[in-house]
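Right, one structure below, let's go through it.
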Amino acid sequence: MKFVDEFRDPAAARALVRAITDLAGDNEYKFMEVCGGHTHTIYRHGLEHILPPNIELVHGPGCPVCVIPMGRVDDAMWLAEQPDVIFTTFGDMMRVPGSRGSLLDAKARGADVRFVYSPLDALKVAVENPDKHVVFFAVGFETTAPSTAVTLVRAKALGVTNFSVFCNHVTIVPPIKAILESPDLRLSGFLGPGHVSTVVGTAPYRFVPEVYGLPIVVAGFEPLDILASVHMLLRQIRDGRAEVENQYSRVVRDEGNVAALKLLGETMELRPHFEWRGLGFISQSALKVATAFADFDAEERFSMPGIRVADPKACQCGEVLKGVLKPWECKVFGTACTPETPIGTCMVSPEGACAAYYNFGRLHRETAILVGQGQGADA
């Protein structure tokens, strides 16, 4: 790849759509894109409108901000409001709603909440403020967990005593299994996550074809990546195959990032269970700070409330994350819930399905409703 427009070429896209249409025939297919980055690409470039109508793409639980339950956000706000604490986090997490508002609201009430670009930035804040305790709100799949792992190693090497991590890193395989076991959804295959796979490789997904008999293609994030991956899924189905294929081979290696995986194994360990928004508690689906680094574990340093908080009744993020509902089918989408005033997490992050649909697909939805009501496209 030399230029990004190689992966946005209209002629190549048209050729792929023709090939997809021929392979699909008259059969109905439903493919889940696991990663929120794929959802963003699909909506931004209108891919759902150029695919044949018998191919449906549904969203999965691959947005790391979206899957954090309200109880963990409330714990984060409790930490931020403790005396002499500087609470640091990525920008998206500042606006995720808990039961008492967001971290931005906590900041407005006087808490020292700071947005950082990386956990190493948070460690730097700790070094520069030895009279304060600095907590980093660690979120994300295996994609971002290595940067937290590097920071833990650095903090230990430097002997920093006023730094800890509130670890909310999650893992990708257990929620895919939960989706496959769900009676609410029947899928034809998966567009496998690209970013996570740069770390974990392709081997962890073998259970999808081996146990459930479904194809999975690890996909890149450009429009032609998505279309090529859909074509590869259909080709597997046509050939009677169910395998793990790697469309994103320019970035993803089958073995993953061996050095990053080794570092994760040294600094983190699996939790027995963890709550996911919309999916409930899933066994061994998240990471915690390893015992060897317990001095940097905020959950060991502080006695947090740890109360489970139910989502607002009006919010249907759970159904969106499971692919059961499209964003615009949620009762509060685009009215009470917008990116400026989010009720649920799916409307916060740019990778969230609701935010992506609101920003790139809402007008198409409204036009479809008008046409369905018989008002015509010129109404």
So E275 and R271, salt bridge (Lys or Arg N to Asp or Glu O under 4.0 Å) or not? Walk me through it. CA-CA 11 Å; E275 184 184 4; R271 294 178 183 269; over 6 Å; no
Are V289 and F87 in one and the same hydrophobic cluster, where Ile, Leu, Val, Met, Phe, Trp and Tyr link if side-chain heavy atoms are under 4.5 Å apart?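 Shared cluster, yes.
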Determine whether a donor-acceptor pair (N or O, by modelled atom type, separation under 3.5 Å) exists between the side chain of [X] and the backbone of [Y].
X: T151; Y: S147; answer: yes
X: E245; Y: I216; answer: no
X: S285; Y: F281; answer: no
X: N359; Y: A356; answer: no
X: N168; Y: V139; answer: no
X: E269; Y: G265; answer: no
X: N54; Y: N27; answer: yes
X: Q247; Y: G220; answer: yes
X: S188; Y: K30; answer: yes
X: T171; Y: V173; answer: no

Evaluate the criterion salt bridge (Lys or Arg N to Asp or Glu O under 4.0 Å) for residue pair D112 and R114; output intermediate values, then yes/no. CA-CA 6 Å; D112 192 347; R114 305 184 189 184; 3.0 Å; yes
Could you give me the CA-CA distance, side-chain angles and deciding distance for K288 and E299, then say whether salt bridge (Lys or Arg N to Asp or Glu O under 4.0 Å) is met? CA-CA 9 Å; K288 67 184 294 292; E299 293 178 85; over 6 Å; no
Cation over ring face, [X] and [Y], 6.0 Å, 45°:
X: K326; Y: Y357; result: no
X: K177; Y: F207; result: yes
X: R250; Y: F221; result: no

Would you say Y43 and H59 are linked by a side-chain donor-acceptor pair, where the criterion is simply a distance under 3.5 Å?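 Per modelled atom types, H59 and Y43 side chains form a pair under 3.5 Å.
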Would you please say whether a donor-acceptor pair under 3.5 Å links the side chains of T202 and N246?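 Checked: T202/N246 side chains show no N/O donor-acceptor pair below 3.5 Å.
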For side-chain contact (heavy atoms from CB on, under 4.5 Å), just list the numbers for M93 and V65, CA-CA rounded to whole Å, side-chain angles, deciding distance to a tenth of an Å, and then say yes or no. CA-CA 7 Å; M93 290 307 302; V65 171; 3.9 Å; yes
If you count every heavy atom of other residues, nucleotides or ligands that lies below 6.0 Å from [X] atom [atom1], does the total exceed 12?
X: R241; atom1: CZ; answer: yes
X: R206; atom1: CZ; answer: no
X: D26; atom1: CG; answer: no

Test side-chain hydrogen bond (donor to acceptor under 3.5 Å, both in side chains) on S229 and Y248; report intermediate values, then the result. CA-CA 9 Å; S229 298; Y248 203 26; over 6 Å; no
Salt bridge (Lys or Arg N to Asp or Glu O under 4.0 Å) for R100 and E81? Distances and angles first, verdict last. CA-CA 12 Å; R100 298 188 299 115; E81 293 171 341; 3.0 Å; yes
Is the closest side-chain heavy-atom distance between N257 and P146 below 4.5 Å?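 No; the side chains remain at least 4.5 Å from each other.
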Can you say whether the rings of F137 and F166 are parallel (under 30°), tilted (30 to 60°) or perpendicular (over 60°)?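 Geometry flag for F166 against F137: parallel rings.
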Please work out whether the ring planes of F31 and Y29 are parallel, tilted or perpendicular, with thresholds of 30° and 60°.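 It falls in the parallel class, under 30°.
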With rounding to the nearest 0.5 angstrom, report the CE to CD1 distance, M232 to I20.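 Result: 11.5 Å between the selected atoms.
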Start with the C-alpha gap between D121 and V125, add the side-chain angles, then the distance that decides, and say whether side-chain contact (heavy atoms from CB on, under 4.5 Å) holds. CA-CA 6 Å; D121 289 343; V125 173; 5.7 Å; no
Among all residues two or more places apart in sequence or in another chain, which pass the side-chain hydrogen bond (donor to acceptor under 3.5 Å, both in side chains) test with T341?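 T341 satisfies side-chain hydrogen bond (donor to acceptor under 3.5 Å, both in side chains) with T338 once adjacent residues are dropped.
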I'd like to know whether H169 forms a side-chain hydrogen bond (donor to acceptor under 3.5 Å, both in side chains) with T148, so could you lay out the CA-CA distance, the side-chain angles of the two residues, the decisive distance to 0.1 Å, and finally the verdict. CA-CA 9 Å; H169 286 299; T148 302; 2.7 Å; yes
